[in-house]
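Some notes on the structure that comes next.
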Amino acid sequence: MFIIVAAIPPEQKKIPITDSHSSVSSIRERSYRDLNKNGKMDIYEDAGQPIEARINNLLSQMTLEEKAGMMFINGARINDDGTIEDKPGKGLFSFAPNALGLISKYKMNHFNLWAIPTVEAVAKWYNRMQKYVEDSTRLGIPITIASDPRNHFTNNIFAMSGKTFSQWCEPLGLAAIGDEKFTREFADDARQEYISIGIRESLHPQIDLATEPRWPRISGTFGEDAQLSAKMTTAYILGFQGEKLGHTSVACMTKHFPGGGPQKEGLDPHFPFQKGQVYPGNNFNYHLIPFEAAFKAHTAAIMPYYGVPMNQTDENVGFSFNKQIITSLLRNKYHYDGLVCTDWGLISDNTIMGAVWPARAWGVESLSRAERVKKVIDAGVDQFGGENCPELVIDLVKTGKLSEKRIDESVKRLLRQKFELGLFDNPYIDEAKALETIGKPEFAKAAEESQRRAMTLLKNENNILPLKQGQLKIYVKNVDLKVAAQYGTVVDKPENADIAIIRLNTPFVPVETPIMMARMFHHGDLDFKEPLKDSILQILSKVPTIVDIYLDRPAVIPEISAKAKGLFADFGASDAAVLDVIFGKYKPGGHLPVELPSSMEAVRNQKEDVPYDSKDPLYKFGFGLSY
């Protein structure tokens with residue numbers, strides 16, 4: 001056993017767990033050797049060596065079980081008090097397992113966070129978890145924490161926001177603003193918030209192209225134009241990672257290669273009713289353009305989607321099972337040697353709230369769990385998202401169906417990311433700094449600005465906008481009355497008002513399924529149905545009305561547009577942000593990152609893989625007025 005015992009430079013010493021009142025500067029005086037009381041091999045003390053030497057040294061000391069455990073990442077539950085022991089979960093994501101159990105049973109050291117109670121609880125939990133692996137595991141390999149987006153003003157279930165994080169417009173709104181420098185500022189602010197709480201890997205950006213308007217995940221994209229998306233992707237990754245992955249970076253897991261937008265009829269492949277990805281316009285390569293930008297920006301990781309690229313490769317199987325996609329295209333054509341992780345839940349069925357959510361093993365449903373694991377690894381993938389079944393990898397190696405050399409290739413990539421992020425040199429955070437950093441005033445101010453800048457003015461009949469603050473009797477619907485009262489005299493009936501202001505959400509039709517998560521996705525038609533449409537139009541007939549609609553997908557609103565005196569689109573905005581723009585405190589500057597179709601017939605007739613191709617769109621891609 002070869003152990004390097006070179007001295008640790010002062011700047012690389014580890015900070016042990018502290019409470020929020022401890023002095024970090026004084027703690028830095030103590031070296032890791034002083035803390036390590038278990039007599040285990042000290043993998044931290046080779047800090048002066050090149051990273052590749054450190055990787056090879058550590059890999060040589062790892063057992064097959066430890067290597068297999070590293071190849072899995074799953075959600076982890078956070079206790080309200082920041083403790084790490086297993087306690088009953090609460091809320092939607094209560095099914096998430098306890099990280100301590102995943103470490104002890106499966107040798108895992110990658111986790112993603114879903115719902116979080118408070119910043120303080122997460123900070124305490126994170127430091128306690130790092131201390132646990134340092135003291136209680138054989139090699140003391142630090143954990144890596146990942147997260148879906150947390151910094152957007154949204155109700156989207158993929159924006160796992162704790163409201164204390166700065167609340168920016170959604171990525172679709174960043175695309176509406178179209179300012180690369182501003183997008184990089186967003187990513188840099190979010191990076192600082194993530195790092196302060198221990199999140200070192202972002203399960204984003206999502207750079208799929210929104211060429212199918214019914215797809216539920218459009219709000220997380222940069223829209224349907226490949227060149228715009230590519231520019232935003234570059235700025236986003238550079239903001240999170242910097243020019244090179246390092247100790248102050250958050251590693252980006254860019255998704256969903258090679259583009260998850262062209263879903264047949266917009267049905268999302270999270271669920272068994274999906275019908276595959278289709279390319280009626282023969283436009284597969286168009287969806288690769290944003291990923292080419294991500295590769296140039298050196299994205300640390302790639303996540304393929306669940307979808308089946310129908311008739312695009314030699315077998316109709318999901319992307320992570322597809323060797324032509326992962327090895328031939330990603331690894332060989334693009335020479336990508338970074339980490340590749342599956343989307344969540346490809347191997348095992350789950351039962352959530354009494355309903356079975358099948359594994360997203362599309363095209364390989366007949367394979368056993370072990371056969372699915374082998375096919376994913378053979379395809380060229382390194383890590384399994386949303387799973388904890390390393391015993392399958394272990395058995396495949398022990399039975400000669402997979403070589404340990406192949407496993408080592410993936411483990412090296414996983415170790416390299418930990419080393420590059422500096423987790424082996426200092427995995428701890430300053431809990432007090434987390435409380436100071438997340439949502440700090442300058443971040444919150446920029447986030448508020450984003451909500452206003454993204455506002456997109458679509459109609460301004462007779463220059464009715466901006467309205468004059470304080471001089472009008474206003475009727476509001478779906479707007480907080482206390483907020484509205486700051487802009488005018490609020491009345492309780494449209495007919496008593498000088499002007500009405502109503503906020504709407506893009507319609508959707510829940511899919512009938514026992515899978516609760518599927519019912520939460522915004523599938524289906526994009527137009528308003530009766531009687532809701534009629535109730536909206538009645539207001540528009542009684543009083544001059546300003547309509548603001550939240551676009552998480554491209555709404556079909558021809559009748560509303562025709563009758564409204566003013567029409568806005570927002571991409572995640574508070575009532576105050578919307579009213580500030582309506583009353584001229586802030587000028588609208590957004591431009592549509594997606595076209596708005598004129599009818600559902602036009603939506604059904606457009607091609608899923610082609611951008612801005614619906615017939616006679618109500619508002620074209622790029623449209624936007626101002627004052």
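Index from 1, following the sequence. The shown structure was predicted, so the numbers you read here are calculated from the model rather than taken from an experiment.
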*Consider only side-chain N and O atoms of Tyr305 and Asp268, and report whether a donor and an acceptor are under 3.5 Å apart.*
yes
*Hey, can you tell me if Phe424 and Phe419 have their rings parallel, tilted or perpendicular (30° and 60° cut-offs)?*
parallel
*Mind checking whether Leu330 and Val340 have side chains closer than 4.5 Å, heavy atoms only?*
yes
*Please work out which of the three classes, parallel, tilted or perpendicular, describes the rings of Phe186 and Trp168, given edges at 30° and 60°.*
perpendicular
*asked:* If you count every heavy atom of other residues, nucleotides or ligands that lies below 6.0 Å from Lys440 atom NZ, does the total exceed 12?
replied: yes
*asked:* Just verifying a value: how many Å separate Arg128 CZ and Asn79 CG, rounded to the nearest 0.5 Å?
replied: 9.5 Å
*asked:* Check for me whether the distance between the ring centres of Phe240 and Tyr194 falls short of 6.0 Å.
replied: yes
*Once you round to the nearest 0.5 Å, how far does CZ of Arg369 lie from CG of Leu392?*
5.0 Å
*asked:* Would you compute the distance between atom OG1 of Thr221 and atom CE of Met232 and round it to the nearest 0.5 angstrom?
replied: 12.5 Å
*Distance only, no hydrogens: is a donor on one side chain within 3.5 Å (strictly under) of an acceptor on the other, for Thr234 and Lys296?*
no
*Look up atom CG in Leu102 and atom CZ in Arg77, then write down how far apart they are to the nearest 0.5 Å.*
9.5 Å
_Please tell me whether Ser196 and Glu193 have a donor and an acceptor in their side chains that are separated by less than 3.5 angstrom._
no
*Under 4.0 Å between a Lys/Arg side-chain N and an Asp/Glu carboxylate O for Lys255 and Asp148?*
yes
*Quick one: pull up CG in Asp343 and NE2 in His256 and give me the separation to the nearest 0.5 Å.*
4.5 Å
*Quick one: are Trp344 and Leu203 in side-chain contact, heavy atoms under 4.5 Å?*
yes
*asked:* Show me the pairs that pass side chain to side chain donor-acceptor pair (under 3.5 Å) and involve residues 397-407, at least two apart or across chains.
replied: Lys67-Glu404, Arg406-Ser410
*Check Ile73 against Cys341 and note the closest heavy-atom contact, atom names and distance.*
CG2-SG, 3.9 Å
*Phe257 side chain reached by Leu329 side chain, heavy atoms, under 4.5 Å*: yes
*asked:* Thr233 and side-chain contact (heavy atoms from CB on, under 4.5 Å): which single residue from Pro171, Pro290, Cys252 fits?
replied: Pro290
*So, Asn56 versus Glu52: side-chain donor-acceptor pair below 3.5 Å or not?*
no
*asked:* Filter on salt bridge (charged side-chain N to carboxylate O under 4.0 Å, His left out), then keep only pairs touching residues 239-252, sequence neighbours left out; what's left?
replied: Arg184-Glu243
*Distance-only polar pair, side chains of Glu431 and Asn127, donor-acceptor under 3.5 Å*: yes
*Looking only at non-hydrogen atoms, find the nearest pair between Arg413 and Arg331 and report the distance.*
NH1-NH2, 3.4 Å
_Which residues share a salt bridge (Lys or Arg N to Asp or Glu O under 4.0 Å) with Asp189, sequence neighbours left out_ = none
*Atom of Asp208, atom of Gly260 and distance for their closest heavy-atom approach*: OD1-N, 2.6 Å
*Could you tell me if the ring centre of His204 sits under 6.0 Å from that of Phe222?*
no
*Between Gln383 and Thr342, is any side-chain donor less than 3.5 angstrom from a side-chain acceptor?*
no
*asked:* Tell me whether the rings of Phe384 and Phe72 are parallel (<30°), tilted (30 to 60°) or perpendicular (>60°).
replied: parallel
*Compare all side-chain heavy atoms of Asn98 with those of Glu85 and state whether any distance is below 4.5 angstrom.*
no
*Polar side chain donor-acceptor pair, Ser249 to Arg191, under 3.5 angstrom*: no
*How are the rings of Tyr306 and His270 set to each other: parallel, tilted or perpendicular (split at 30° and 60°)?*
perpendicular
*CG/Leu421 to CG/Asn426 distance, rounded to the nearest 0.5 angstrom?*
12.5 Å
*Is any side-chain heavy atom of Lys107 less than 4.5 Å from a side-chain heavy atom of Pro390?*
no
*Trp362 and Phe321 aromatic centres sub-6.0 Å*: no
